[in-house]
Amino acid sequence: MIALIVRRAIQLVFLLLGISFLVFSSMFIAPGDPATMVGGPTATESDLVAIRDNLGLNDPFLVQYGRYLGNAVQGDFGYSYQSKQSVSEAIAVRFPNTLKLAIASMIVAIIIGIIAGLISALKHNSWLDVTSTTVALAGISIPNFWLGAILILVFSVNLQWLPVAGLSDPFYTWEGIKQLILPAITLGTGSAAMIARMTRSSILEVVKADYVRTARAKGVKEKNVIWIHTLKNAMIPVITVIGLNFGALLGGTIITEKVFAINGVGRLMIDAIAMRDFPMVQASVLLVATLFVVVNLIVDIVYTMIDPRINYS
Amino acid sequence: METLLEVNNLVTEFRTADGNVQAVRDVSFSVAKGETLCIVGESGCGKSITSLSVIGLLPSNGSITSGEVKYEGKPIHNLPFEQMRKMRGTKISMIFQEPMTALNPVLTVGYQLREPLILHHKISKSAANKQGIELLKQVGIPYPEKRINQYPHELSGGMRQRVMIAIALACSPGLLIADEPTTALDVTIQAQILDLINELKEKLNMGVMMITHDMGVVAEVADRVMVMYAGKKVEEGTVSEIFENPKHPYTIGLLNSVPNVDDPDFELEPIPGSMPSLTEQISGCRFNPRCKFATDICREIAPPEFSTKEGHIVSCWLHEKVEEEVKHGHLTAQI
Ligand SMILES: Nc1ncnc2c1ncn2[C@@H]1O[C@H](COP(=O)(O)OP(=O)(O)OP(=O)(O)O)[C@@H](O)[C@H]1O
Ligand SMILES: [Mg+2]
């Protein structure tokens, strides 16, 4: 287990190197002159020259990249071209909101998805199953900006149960939880639906397995046939789906943060791209990539705990 | 000998898209304590479904629609679910063809072995563990203390089948059903597993219902043999009667499709044609379309079961004539 984590951490370093190189070079190639972004419309030609000098934009690519990396390992990702604010500080303010949103959505997705899939499978072909699979199909097809807008309309505007926007209160307060509910449902529904479908089909597959028949032939109680002999095996592909969905979910934060006016990294990133605020784009992409890799490491650890056949060492 | 299992006129049907189909048609047989009954027949003839009917583990679309299954004289085919569950593992156990998939991959050998002991004998985990190690020793697994903590994937196919046998015998059942227990194993391991089942059968005075389509296995372990064709019992007798004095053309066909190493002139004679599907309507004897002896009566009226000798039953209009053919023709039985 420790070996797995250490090896993944080393892999992560190389992965981040690769990603930073890709992001950095694509920014380098992208049209548009950073100096004019920094200087603004009023900057004179001599101002621009000074800015280029100052930012080292005249240096060769590799020198610039090397300098960027050198600063980045010290936690310095430069300054926003737009707001002139330190990139690390800007992200540090927004990251907790995105993390809260992503984790809450994932929890919603996992709990709803697994429970719905389980009920579907156990009551196979009943009206409960039909309802749940239909809702799941709808959940996959509904775009989340639309779902978010509808939820706001119903629960915030009409019923006035939950706030319309924002995510500023701490998550352990009642206000904070109320702020999280709608965004988490909006962002988590798609993943919940995927997880439900996978849970259902996986259980239906596993109950047909020879070893489940063996358990019944031993006289094992039906309750244990499901909880011990079926579920642990059935969860293996579900965990894969959860890991993969986390990526989609991170992408979805961009829209959800916009719909609910949440001050998060997703919105920061999309605004930065629109403004060609390169330092901001680079840092936020690296952060999101790191998050994705860390979640997949957790998924791998869960695998080794569930499935003894998997051995990463 | 004391009768352990008695199956009378068993009919098992499946609900399918094409309506109800009969997989087992009016089959009767019995198993005595300490006796091995082999059920043989081509793939799809209903061997597994017969045994699953006995242990009450039919697929969800299948059910026993008539006939009875009695264990030690008491009917068990109509027991409520909970009572039947309690019989499984304690009175009737079953092992399956595929040792690679029959054990749960995410549970240790020990867990799977202790489970029936804790469940049925209500003993503690440590007592069950001790007994589990004994059982592994009994089925010939070296280093049982180490093996008990391993997962199935760490064991070879033969080892896994031994573990399956240990699990099946954990609560000393009276009847062991073995559905092609050696088909998936290589030949030397096959012989070891068969020997093991034989040895334990004698030691525990168990009845064994062994399903196979391998005549070699039959010769090795059977006391009595039941031959099935397309859901019906076509012949039943002691192992020597079946091999030396087969009466049903299908049984003879089966024997002739087994290579004989002792006889260099022996020619393999596969049975022509193939088994009818469950939905196919056949009037008369179900084997008649493939039978080279078939006459008009065979095509019109299903033959009853004729008892020719003590314990030798054959369901063929022509069994006397066939017997003559066997004596004078080239169809001498081989063992
Ligand atoms: N769930 C089911 N629904 C419908 N038909 C089934 C079902 N299970 C088995 N059958 C049919 O019942 C018949 C008997 O099957 P069974 O498994 O008993 O054959 P078998 O003699 O054990 O063959 P094999 O040697 O291949 O194991 C087959 O024709 C099979 O297709
Ligand atoms: Mg079978």
Side-chain angles (χ1 to χ4, degrees), chain A residues 1 114 118 120-126 129 198-240 242 299-313, chain B residues 48 51-52 54-60 81-109 111-121 149-154 160 163-164 167-171 173 176-179 184:
Chain A
M1 187 78 80
I114 290 183
L118 188 66
S120 258
L122 296 185
K123 304 273 175 241
H124 184 38
N125 285 342
S126 70
D129 178 26
M198 192 36 130
T199 306
R200 175 180 183 274
S201 65
S202 176
I203 292 175
L204 289 179
E205 192 58 43
V206 171
V207 291
K208 283 189 275 177
D210 286 357
Y211 51 81
V212 172
R213 187 178 54 182
T214 304
R216 292 208 169 99
K218 290 195 284 192
V220 172
K221 291 180 185 150
E222 210 46 28
K223 184 183 79 196
N224 289 354
V225 168
I226 297 299
W227 289 102
I228 297 173
H229 290 268
T230 305
L231 277 191
K232 216 174 161 191
N233 287 287
M235 278 306 119
I236 294 169
V238 175
I239 288 163
T240 313
I242 291 175
V299 165
D300 284 348
I301 292 173
V302 175
Y303 268 144
T304 56
M305 291 189 318
I306 289 194
D307 191 346
R309 288 165 298 185
I310 294 180
N311 188 354
Y312 287 109
S313 47
Chain B
S48 297
S51 54
L52 292 173
V54 169
I55 197 173
L57 285 178
L58 285 170
S60 54
F81 183 88
E82 264 307 288
Q83 281 184 41
M84 191 61 208
R85 177 185 69 71
K86 286 183 183 149
M87 290 206 61
R88 292 197 279 266
T90 55
K91 307 280 192 239
I92 305 178
S93 275
M94 184 156 179
I95 56 179
F96 301 95
Q97 177 172 349
E98 274 298 331
M100 297 320 230
T101 53
L103 290 167
N104 194 319
V106 303
L107 300 172
T108 59
V109 166
Y111 184 93
Q112 300 184 60
L113 192 48
R114 289 190 299 268
E115 198 176 26
L117 290 165
I118 294 173
L119 181 74
H120 297 300
H121 290 174
N149 294 318
Q150 289 186 321
Y151 287 93
H153 72 273
E154 297 170 85
R160 288 189 219 186
V163 170
M164 275 302 295
I167 292 173
L169 301 187
C171 297
L176 175 70
I177 304 176
D179 190 349

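Here is the naming used below: chain letters follow the sequence lines, and residue numbers restart at 1 for every chain.
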Are [X] and [Y] packed together at the side-chain level, in the sense that at least one heavy-atom pair is separated by less than 4.5 angstrom?
X	Y	value
A:Ile236	B:Val106	yes
A:Met198	A:Thr240	no
A:Leu118	A:Leu231	yes

Would you mind checking which part of [X] comes under 4.5 Å of any heavy atom in chain A, side chain (CB onward), backbone (N, CA, C, O), both or neither?
X	answer
B:Ile92	backbone
B:Met87	neither
B:Ile55	side chain

Checklist entry - Any idea which heavy atoms bring A:Ser120 and A:Arg200 closest together, and the distance? => result CB-CD, 3.5 Å
Next on the checklist: Please identify, among B:Pro105, B:Pro116, B:Ala168, the residue contributing the most non-hydrogen atom pairs under 4.5 Å to chain A.
Outcome noted: B:Pro105
Checklist entry - Can you tell me how far CG of B:Leu169 sits from CD1 of B:Ile95, rounded to the nearest 0.5 angstrom? => result 7.5 Å
Item to check | CG-CD1 distance between A:Asp300 and A:Ile239, expressed to the nearest 0.5 angstrom | outcome: 10.5 Å
Candidate polar pairs, chain A side and chain B side, donor-acceptor under 3.5 Å:
from, atom 1, to, atom 2, distance (Å)
A:Asp210, OD2, B:Thr101, OG1, 2.6
A:Tyr211, N, B:Thr101, O, 3.3
A:Thr214, OG1, B:Ala102, O, 2.7
A:Arg216, O, B:Arg88, NE, 3.1
A:Ala217, O, B:Gly89, N, 3.4
A:Lys218, O, B:His120, NE2, 2.8
A:Lys218, NZ, B:Gln112, O, 2.8
A:Lys218, NZ, B:Glu115, OE1, 2.9
A:Gly219, O, B:Arg85, NH1, 2.8
A:His229, O, B:Asn104, ND2, 3.2
A:His229, ND1, B:Asn104, ND2, 3.4
A:His229, NE2, B:Glu115, OE1, 2.9
A:His229, NE2, B:Glu115, OE2, 2.8
A:Asn233, ND2, B:Asn104, OD1, 2.8

